[in-house]
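Here's the structure we're looking at; comments come further down.
Chain A is the first sequence line, chain B the second, and so forth, proteins listed ahead of strands; every chain is numbered from 1.
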Amino acid sequence: MLAYLIRRLINAVITLLVVTAVTFGIFFAIPKAIGSDPALLYIGKQSDPAAIAGISAKMGFDDPIVVQYGKFLKGIVAGRDYANGPDVTHCPAPCLGYSFATDQEVTPLLLEDLPVTLSLALGAAVLWVILGVATGVLSALRRGTFVDRAAMTTALAGVSLPIYFTGLLASAIFVYWLEWLPQGNYVPFTENPGEWFTSLILPWITLAFLFAATYARLTRANMLETLGEDYVRTARAKGLRERTVIGKHALRSGLTPLVTVFGLDLGALLGGAVLTESVFNLRGLGYQALTAIRQSDLPIILGVTLIAAFFIVFANLVVDLVYGWIDPRVRLA
Amino acid sequence: MARKTRVLAASGVALALGLTTAACGGGSDSDNKGSTSNGKSEFGAAITNVVNPSTTKGGTLNLWSSQDADSWDPARGYYAFVWNLNRLYTRKLVDYAAAPGQAGLKLQPDLAEAEPTISADKLTYTFKLRSGLKWDDGAPITSKDVKYGIERVWATDVISGGPYYLPNVLDQGQNYKGPYKDTAPDKLGLKTVTTPDDSTIVFKLAKPYSDFMYLLAMPGSGPVPQKRDTGAQYGSKPAASGPYMFSEIQPGKAAKWVRNPNWDPASDPIRKALPDAINLTITTNADDLDNRLLSGTADLDVGQTGVQAAARTKLLTDPTLKANADAPNTGFLRFADMTPVAPMDNADCRKAVIYAADPTAIQTARGGEFAGGDIGTSILPPNIAGSDANYDPYNRKQGKAQVDKAKEALAACGKPNGFDVTIAARNNRAAEVKTAEALQASLKVVGINAKIDQYDGATDSAIGGSPEIVKKRGYGIIITGWGADYPTGAGYMQPLADSRFITKNGNFNRSEIKDPAIDKLFDDAAAETDPAKAATIYTEINKKIMEGAYVLPFVVDKALNYRNPRLTNAYVHESFGMLDFQALGVSDGK
Amino acid sequence: MAGAIVVIFLILVAILAPVLTRLFGHPIDEYHTDKIDPTLGTPIGRLGGISWDFLFGVEPQSGRDIFSRILYGAQTSLSVAFLSAFVSTILGSVFGLMAGFLGGWVDATISRVMDFLLAFPQLLFAIALLSVLPDELFGLGDRWSRVLVLVGVIGFFGWPYIGRIVRGQTLSLREREFVEASRSLGARSGRILFRELLPNLAAPILVYTTLIIPTNILTEAALSFLGVGIPPPNPSWGGMLSDAVTFYQIDPMYMIIPGGVIFLTVLAFNLFGDGLRDALDPKAR
């Protein structure tokens with residue numbers, strides 16, 4: 001078990017290294033290849049060549065890409081120092097660098113955005129799991145009935161709706177026409193839980209609808225499969241009550257595959273729900289990344305990519321561990 | 001402009017190059033006729049009048065913005081609204097008067113107690129500071145602080161992003177590297193600026209330069225106390241010489257100001273300092289900002305770049321709301337540069353483009369009359385001295401594309417069936433892309449086959465601003481916009497049209513106009529101390545640029561802005577093209 | 001098979017876009033400023049200016065014909081979706097087969113790469129990559145070079161999904177009797193691969209290819225919505241929705257039409273894919 005864990009952790013670190021190396025390579029190599037200089041992003045309207053050279057030297061843009069990447073990695077592990085004029089500013093570990101556009105350290109900037117993404121993803125996850133699984137189970141048990149068909153049609157529509165459309169539509173209906181919900185800016189939970197809730201309710205529902213549809217379809221398919229399996233039939237034949245059959249046997253093994261999907265979906269969302277955050281103007285990681293991409297703010301792009309990859313890799317790891325725990329057939333070795 | 005949403009612009013017929021003092025002493029109420037006759041606000045009232053004049057102090061001003069400041073460091077900020085907000089906490093030797101209309105374009109002694117003494121050869125400027133000036137921490141503001149602040153502009157590796165005019169005038173071959181690399185023990189090694197005593201500062205120019213005072217009115221020429229300078233970090237806690245000081249700066253979220261207890265109103269003829277506190281909230285949701293404005297929970301959008309389309313409809317269709325809105329000129333001109341990439345190197349081909357472009361389609365694409373602006377006719381916007389609103393050499397004001405004339409011009413340039421051309425637009429400017437699309441569609445009518453290339457707007461200075469890249473990528477037409485950093489014809493046009501301003505990077509003379517006659521006219525204007533005479537020179541330059549068909553003007557930029565009815569002393573400041581923030585107060589004391 | 005009918009209809013519409021535009025619409029880049037309120041920028045008339053002349057109304061601020069822009073948008077949308085599904089299928093089948101059939105270190109490496117790609121923050125990365133790549137590649141016009149780049153990016157990130165399935169199927173088929181039988185008869189690897197495995201893999205590959213097409217349509221629209229997809233003035237559904245963000249409160253039709261078209265298209269493809277799966281693989285019900 002311990003050896004397995006260590007192997008997985010090493011694998012995870014390697015994956016993250018490759019992700020950053022690829023991202024770093026692309027964002028520092030392509031601009032150079034097409035003749036753009038990152039120093040220009042700092043300099044604004046000035047064109048004084050001495051100023052460009054000064055910034056390049058200060059930020060280390062003249063170094064080979066490998067050296068720059070090394071410095072970036074070192075910053076994550078050990079922190080990094082930046083000259084600020086009269087003295088130096090220390091960017092403590094894990095230092096993800098210094099943003100071009102906002103002139104701030106990347107790590108605190110992203111830490112500030114993390115709660116928004118966390119609130120969005122976790123809240124939506126609760127909703128979609130409850131909604132999706134309940135619908136799926138109901139559909140499976142009432143297979144072929146009107147309820148089943150209605151639920152599955154809705155679910156199919158749900159997976160076919162782009163979130164950037166449902167988001168706009170929902171805002172238009174509930175915020176502008178009916179005025180049921182305030183037009184929102186994110187309010188931190190610590191500041192006002194009530195407003196935090198109302199500011200997120202529409203993004204939650206929009207996001208959850210999409211995922212709930214997928215989960216309902218998956219749950220239904222899995223349930224039908226297990227309900228057809230021999231041991232369920234055996235259980236029924238033994239005269240166990242339907243409730244026990246479904247609750248104890250069918251549900252448990254029918255839902256196990258969902259754990260994997262759920263872990264990966266949540267992991268992917270935690271790295272920034274780009275579209276949802278963009279449609280609802282929520283300043284989370286995805287929104288930050290999008291803004292950074294528009295401003296060619298490489299350090300932030302790199303930072304968000306790294307965090308996003310971290311969540312996905314971490315989610316993978318957790319999923320596998322949890323899977324081993326709930327499904328004894330899977331042995332971790 | 002590289003990364004600027006809007007840079008300063010200004011206007012004025014009778015520009016005073018020197019200082020005026022008495023005539024508009026702080027723009028007090030008696031000087032301005034107040035708002036409209038019945039005291040009610042009207043659409044556009046704040047453009048020419050002070051709306052709700054008042055001297056009532058107290059309350060909190062709730063400013064909002066959908067964009068954070070580029071930097072609160074006075075030497076690093078370049079956004080127009082940031083320059084405007086700097087007036088709250090940064091004083092300069094001279095600053096723009098607090099008054100609507102042309103009066104606001106006049107410079108007035110601020111930290112200086114009077115106009116400078118200018119030597120007979122116009123090369124030496126000597127300023128005396130007022131007595132009793134103090135920083136927010138109680139330390140005296142000295143001439144050395146002013147010099148130190150000015151020196152920081154040289155330290156471009158640390159203090160990046162701000163305007164870079166002073167070194168061009170004051171370095172004079174010293175190759176000064178800024179205070180952080182200064183070997184002098186007091187870090188005051190810049191030779192052309194001297195401080196004989198704590199209240200005197202002397203500038204020595206190499207040749208007469210009639211616009212010099214405007215450079216001193218930029219926030220970057222304000223004082224900075226050396227012992228509180230944290231270099232690149234200074235923007236997170238700048239010292240205050242004005243009536244307000246920062247109590248909080250949360251990047252990307254908020255900034256808050258409170259009264260500076262050490263500011264003496266008697267020492268400051270410009271600032272009113274009415275509210276007790278000023279809060280700036282930064283939101284990611286521009287529609288939300290508009291709703292707050294219209295519902296009265298926000299006082300003002302400091303970006304002043306105009307409301308979004310939804311709020312625009314509400315504002316223009318509801319007379320009550322409309323009465324508290326203005327659509328002033330922002331001082332920007334939206335236009336296209338036509339570069340020397342063939343066939344745009346041929347004046348007749350350029351004329352064909354100008355005639356073929358549909359003025360109304362482009363105006364509508366930019367947002368129409370109020371949100372986009374008036375149809376542009378020449379390079380000099382109507383509010384800069386020397387421009388003539390009736391000067392319309394290509395007959396654009398009538399609003400239609402002139403297909404016949406375009407075809408004539410095409411024949412004259414030897415391409416009767418049209419030609420291929422690439423239009424370049426910044427990918428982070430939606431309006432510029434829309435403009436490019438509209439232009440492309442109207443060029444197609446006369447057979448000019450245009451292709452749109454969107455390039456990375458964040459590195460504009462190295463793409464559109466690099467003649468080499470422009471040539472390499474074959475950009476014949478570059479969509480851009482321009483506002484002056486200071487309100488004179490030279491401040492506005494010289495970077496656009498003087499051949500000596502063509503640079504390898506960060507070039508703004510993108511048409512690469514190389515006309516010795518134009519260069520000479522700029523020299524004449526710089527030596528001309530009579531603003532009226534200078535204005536006639538600028539008229540001449542404008543004509544030469546338009547006759548050469550180097551640029552295609554789109555619109556004279558306007559922004560439809562709403563102000564909360566509770567705001568007092570609201571007026572549009574001509575040098576910013578937006579309300580004068582420092583003058584504002586609130587009527588209900590909340 | 002309502003899905004199949006709609007799918008065929010959509011493909012026909014995309015192919016016939018130029019003809020249909022000439023018959024029922026206006027050229028995609030023709031401005032009709034007379035159909036626009038000059039100060040508000042919104043279409044004149046109800047429902048976003050819908051009329052017999054402009055079947056889907058006109059675009060705010062320009063007056064361009066939404067009907068023809070939707071038709072041409074179908075061209076881009078469907079070609080990106082099909083081509084990238086094709087890329088994913090080819091890559092996924094080749095690598096999945098190799099991994100499943102050859103096993104050993106080849107399997108380990110390919111599986112590792114697939115895990116890595118699935119661990120990638122894909123949308124983020126696609127946006128970033130598309131925003132740094134220049135518009136013009138291989139001397140193609142900006143529309144088609146962008147289509148190619150989109151196909152490359154979407155197709156590349158899609159192949160591990162197919163790859164995993166093909167690998168799994170190959171692994172289980174490899175152990176089946178008929179493969180064992182032909183191997184014991186001395187058949188070469190190539191023969192087993194193409195004669196025995198591929199025909200049996202064709203059905204699942206076809207089903208999953210069909211099922212990634214709607215996903216690709218959504219991805220392309222999302223990228224265009226975020227401003228890194230098909231560049232203007234080329235019409236794209238996502239790009240129209242992105243423009244609609246500014247106007248959706250005052251001109252909701254401009255949001256509803258492209259949004260609804262994306263929805264119906266994706267729904268049709270999903271129905272078609274589901275139907276195909278049920279037909280070819282009844283067990284998966």
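Annotation: maximal heavy-atom pairing with chain C below 4.5 Å, among A:V279, A:L16, A:N11, occurs at A:N11. Each of C:G260, C:A244, C:G259 has some count of heavy-atom pairs under 4.5 Å with chain A, and the biggest count is that of C:G259. The greatest number of non-hydrogen atom pairs below 4.5 Å with chain C, out of A:T166, A:V274, A:V19, is found for A:V19. For the set A:I301, A:V313, A:T305, the count of heavy-atom pairs under 4.5 angstrom toward chain C peaks at A:T305. Of the listed residues C:D115, C:N270, C:I217, C:V228, the one with more heavy-atom pairs under 4.5 angstrom with chain A than any other is C:N270.
Shortest non-hydrogen contact noted between A:A308 and C:L124 is CB-CD2, 4.4 Å. Of all heavy-atom pairs between C:L218 and A:P162, the closest is CD2-CB, 3.7 Å.
With A:Y164 contributing its side chain and C:L241 its backbone, the two residues share no donor-acceptor pair below 3.5 Å.
A distance of 5.0 Å separates CG in C:L267 from CG in A:L156, rounded to the nearest 0.5 Å. Interatomic distance, CZ of C:F263 versus CG of A:L169, reported as 10.5 Å (0.5 Å rounding).
In this structure, A:L275 and C:L123 have side chains that are in contact, with non-hydrogen atoms separated by less than 4.5 Å. Residues A:L161 and C:I262 form no side-chain contact, since every pair of their non-hydrogen atoms from C-beta on lies 4.5 Å or further apart. Between C:R112 and A:T15 there is a side-chain heavy-atom pair separated by less than 4.5 Å. Within the 4.5 Å cutoff, the side chain of A:S278 has heavy atoms near those of the C:L226 side chain. Counting only heavy atoms from C-beta outward, the side chains of C:D274 and A:R217 approach each other to under 4.5 Å.
For A:F314, the CZ atom sits in a loose shell: 12 or fewer heavy atoms of surrounding residues, nucleotides or ligands are nearer than 6.0 Å. C:F156 CZ: 12 or fewer foreign heavy atoms inside a 6.0 Å radius. The environment of OH in C:Y208 is sparse: at most 12 heavy-atom neighbours from other residues, nucleotides or ligands sit within 6.0 Å.
Aromatic ring centroids of A:F165 and C:F225 lie 6.0 Å or more apart.
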Step-by-step side chain to side chain contact (heavy atoms under 4.5 Å, CB included) determination, C:Y248 to A:S171: CA-CA 9 Å; C:Y248 74 97; A:S171 296; 3.5 Å; yes
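Neither the backbone nor the side chain of A:A268 comes within contact range of chain C; no heavy atom of the residue lies under 4.5 Å from a heavy atom of that chain. For C:P214, no part lies under 4.5 angstrom from a heavy atom of chain A. For A:L290, the part sitting under 4.5 Å from any heavy atom of chain C is the side chain, from C-beta outward, and nothing else. Contact of C:I256 with chain A is made through backbone and side chain together, with heavy-atom distances under 4.5 Å.
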